[in-house]
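Ligands are counted one by one from 1 in listed order, and the atoms in each one are counted from 1 as well.
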Amino acid sequence: MPRDYYEVLGVSREANETEIKKAFRRLARELHPDVNREPDAEERFKEAAEAYEVLSDAERRRTYDQYGHEGLRSGGFDPGAGFGSIDDIFQAFFGGRGFGFGGGRGPAPGGDIGVAVEVELAEVATGVRREVTYDVVGACEHCHGNGAEPGTPITTCETCGGAGELRQVTRTPFGQMVRSAACEVCGGAGKIPQRPCETCGGSGRTRQSRTSAIEVPAGIEDGQRMRITGAGHAGEAGAPPGDLYVEVRVAEDERFERDGADLISMVSIPATEAMLGTTVKVPTLEGEEKIEVEPGTQPATEKVLKGAGLPRLNSGRRGSQRVIIEVFVPTNLSEEQRELAEHLDESLGDENLARRNGEGLFSRLRRAFG
Ligand SMILES: [Zn+2]
Ligand SMILES: [Zn+2]
C-alpha cells in the first residue's frame with residue numbers, strides 16, 4: 001500500500017493548491033537523482049510525483065480523500081502512467097531543461113578530445129601560444145557537411161517534415177510534457193541527400209587532422225586542463241560539437257623548484273666567503289641577478305627576490321624567487337692553507353661561535369622548503 005499522499009508531500013489535509021505545489025517543488029529539487037545521491041532518491045521522487053499528480057487535481061483529490069488509494073485505482077487511475085522519466089517531469093514542471101542535466105535526445109553531440117602540450121617554466125611566466133595538431137571528426141570538406149554529393153539535390157525528410165525529430169505532446173499535472181525522439185528516417189538531420197557524398201558516405205563528417213593555436217595563460221600549473229568549447233569532434237547533423245581539452249605540462253627546470261607562484265633556487269658559496277661576505281650571481285627566469293651575501297651568512301639562509309617568481313593565474317601578480325644559500329667546506333687544503341685555518345680555529349672565541357638568532361640549520365631548511 002502506498003504511503004499517504006499528504007504525508008509524502010508533508011502538507012496538511014487542508015492544504016490549498018499553492019501549498020501543494022510549493023511542497024512538490026521543494027521535494028522535486030531535493031530529490032532529483034542528479035543532485036541527491038541517496039539510493040532511494042529516485043523512488044522518493046516518483047512517490048512525490050504520484051502524490052502531486054493526485055492532490056493537484058481537484059477531482060482525484062476528492063476521490064482519494066473519500067476512498068483512499070483503493071478508490072483511485074478502482075476508478076481507473078493508473079499513477080505515473082501519464083508521464084515518463086524524472087527529467088520529463090522536471091522539464092514540464094520547471095520549464096527548460098530542469099537542472100541542465102538529463103537525457104539528450106535527437107542527434108548526438110560530438111565527442112570531446114584530449115591533447116597535451118608541454119611548456120617551459122619561463123613560458124609560464126609570460127604565457128605562450130602553442131600549436132597543437134590532433135585528429136578530429138569534422139565536417140566533410142567535400143560536401144561541407146550536408147552529406148550530399150555536390151550538385152545533387154537534397155530533399156526534406158517527409159517523415160519529420162525536416163525537423164529531424166518527432167514530438168509528442170501530452171498534458172500532465174506537471175504541465176505540458178513534450179517528448180521528442182530523433183527521426184529514424186533521416187537520423188535527425190531533417191534532410192535526405194539523393195546521392196550520398198562520395199567522400200563521407202553521406203554522414204557529412206570525416207576524420208581529419210586539425211592544427212589549432214592554443215593560448216596557454218601565464219601562471220598555469222603543471223597538469224592543469226583548459227577547455228576550448230566547440231573544438232572537439234563534430235556532432236551529428238544539428239547537434240553541437242564536443243570540446244577540446246588541453247592538458248598543460250610544465251617541463252622540469254633543473255635550476256628551480258616551483259612552489260605555487262614562488263620559485264626556489266640554490267646557490268653555493270665556500271665557507272670562507274660565507275664568513276667574509278660576497279656577491280653571487282643567481283639565475284632567474286629573466287637572466288642573472290646579483291645578490292649580496294653578508295659576512296657571517298649561515299648555511300640555508302634564504303634570500304628573497306620579490307616579483308621574480310611566476311604570475312598567479314587569476315591576479316597576474318608575481319610571486320617571489322627564494323634563493324637558498326648553500327655553504328660548502330673547501331677541501332684538499334695545501335700545507336699553507338691548513339696552517340691558516342689552524343690559526344683561525346685557535347683564534348676563534350665564544351663571540352665568533354654564537355649561533356645567529358639561535359636558529360639551527362634544520363629549522364632554516366624546514367622554513368625554506370615549507
Ligand atoms: Zn561529404
Ligand atoms: Zn526525418
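- Using a 4.0 Å cut-off between charged side-chain N and carboxylate O, E289 and K281 make no salt bridge.
- Only protein N, O or S atoms were considered, and those under 2.8 Å from the Zn ion (ligand 1) are C140 SG, C143 SG, C197 SG, C200 SG.
- Ion pairing between R338 and E342 holds under the 4.0 Å rule for side-chain N and carboxylate O.
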Query raised in the report: Please walk me through it: do R61 and Y6 pass side-chain hydrogen bond (donor to acceptor under 3.5 Å, both in side chains)?
Result: CA-CA 10 Å; R61 186 177 176 183; Y6 293 98; 2.9 Å; yes
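- When only modelled atom types and interatomic distance are considered, Q337 and S334 share a side-chain donor-acceptor pair under 3.5 Å.
- The existence of a salt bridge linking D65 and R60 is excluded, since no basic side-chain nitrogen approaches an acidic carboxylate oxygen closer than 4.0 Å.
- At a threshold of 4.0 Å, the pair E118-R249 does not count as salt-bridged, since none of the basic side-chain nitrogens sits closer than that to a carboxylate oxygen.
- Around the Zn ion (ligand 2), the protein contributes the following N, O or S atoms under 2.8 Å, ordered by chain and number: C157 SG, C160 SG, C183 SG, C186 SG.
- Remark: of the listed residues V136, V115, D112, V115 is the sole one forming a side-chain contact (heavy atoms from CB on, under 4.5 Å) with L244.
- The pair R225-E247 does not count as a salt bridge, with every side-chain nitrogen at least 4.0 angstrom from each carboxylate oxygen.
- Ion pairing of R318 with E286 is present here, as a side-chain N (NZ or NE/NH1/NH2) and a carboxylate O approach within less than 4.0 Å.
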